[in-house]
Amino acid sequence: MPTLHLESQSIHYIDTGTGPTVLFIHGWGSSARAWQSLVGRMHRHFRCLALDLPGFGHSSAQLKAPSIALYADLAQRFSLALGVDHAGVVGHSMGGMIALKLASRHPDFVKALVVANAPVRDRKSTR
């Protein structure tokens, strides 16, 4: 897996295929490897990016206290560093929470969104 050095962090990732970009964001305790089977099916039609979030997989440890917003902003900067200014985004579990936050913070970046098994709260319980 290639490594991108971004803001004093080493981010390992998968980058394969051609066409419109799809960014895959893994859940807690997982890594980009969780997406290998799906990426293997999609890479003929899409550029597939899947990163190991900081502190997971082969990426370096998180430098700041992790948060969903921090991971969302990092995912966007990671993509921009690889020449991607917009993408479809797929997130699972915590990755789904990150994908939702990415879409709300960077709506021009997210062109399509798939969220699976993401824990969410209703507006009344969000502080």
Side-chain angles (χ1 to χ4, degrees):
M1 286 177 33
T3 302
L4 175 71
H5 298 283
L6 182 67
E7 301 165 14
S8 302
Q9 304 222 289
S10 297
I11 308 294
H12 285 253
Y13 63 97
I14 295 168
D15 184 357
T16 186
T18 58
T21 301
V22 179
L23 173 65
F24 296 89
I25 306 173
H26 65 79
W28 183 265
S30 190
S31 71
R33 289 184 178 269
W35 300 109
Q36 282 185 313
S37 179
L38 185 57
V39 165
R41 290 184 220 125
M42 293 180 62
H43 77 278
R44 290 178 200 87
H45 304 286
F46 299 93
R47 178 182 183 192
C48 298
L49 291 176
L51 73 156
D52 284 349
L53 292 167
F56 297 91
H58 294 288
S59 290
S60 61
Q62 184 68 33
L63 296 178
K64 299 177 185 177
S67 71
I68 299 302
L70 183 81
Y71 283 139
D73 291 344
L74 180 124
Q76 192 243 6
R77 290 190 309 274
F78 161 82
S79 300
L80 290 174
L82 294 176
V84 176
D85 60 2
H86 62 275
V89 179
V90 179
H92 173 256
S93 188
M94 179 188 75
M97 295 171 63
I98 295 165
L100 288 167
K101 184 62 77 174
L102 179 59
S104 71
R105 292 171 73 96
H106 306 282
D108 291 337
F109 176 80
V110 178
K111 296 302 177 189
L113 182 62
V114 177
V115 175
N117 296 339
V120 295
R121 298 181 188 176
D122 64 8
R123 297 182 102 182
K124 294 176 186 173
S125 65
T126 303
R127 304 216 190 271

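Atom set for the values below is all heavy atoms of this structure, side chains included, hydrogens, waters and symmetry mates excluded.
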Which heavy atom of [X] sits nearest a heavy atom of [Y], and at what distance?
X	Y	result
Leu70	Pro66	CD2-CA, 4.1 Å
Gln9	Ala61	NE2-O, 2.9 Å
Trp35	Ala50	CD1-CB, 4.1 Å
Ser31	Gly57	CB-CA, 3.8 Å
Gly27	Ser93	CA-CB, 4.2 Å
Arg44	Gly40	NH1-O, 3.7 Å

Can you tell me how far apart [atom1] ([X]) and [atom2] ([Y]) are? Round to the nearest 0.5 Å.
X	Y	atom1	atom2	answer
Leu74	Ser59	CG	OG	8.5 Å
Asp108	His86	CG	NE2	11.0 Å
Cys48	Phe24	SG	CZ	4.5 Å
Leu102	Phe109	CG	CZ	6.0 Å
Phe46	Thr18	CZ	OG1	10.5 Å
Asp85	Thr21	CG	OG1	8.5 Å

Side-chain heavy-atom pair [X], [Y] within 4.5 angstrom cut-off:
X	Y	answer
Asp52	Arg33	no
Leu4	Leu51	no
Leu113	Leu100	yes
Leu82	Leu49	yes
Met42	Val90	no

Expected output: side-chain His26 to main-chain Leu53 donor-acceptor under 3.5 Å: yes
Is there a continuous path of hydrophobic side-chain contacts, each under 4.5 Å between heavy atoms, that joins [X] to [Y]?
X	Y	value
Leu80	Val22	no
Ile68	Trp28	yes
Val114	Val89	no
Ile14	Ile11	no

Below 30° counts as parallel, above 60° as perpendicular, anything between as tilted: where do the rings of His12 and His58 land? tilted
Please test Leu23 against Val84 for side chain to side chain contact (heavy atoms under 4.5 Å, CB included), starting from the C-alpha separation and ending with a verdict. CA-CA 10 Å; Leu23 173 65; Val84 176; over 6 Å; no
Could you give all pairs that pass the side chain to side chain donor-acceptor pair (under 3.5 Å) test and reach residues 68-78, with sequence neighbours left out? Glu7-Arg77, Asp73-Arg105, Asp73-His106
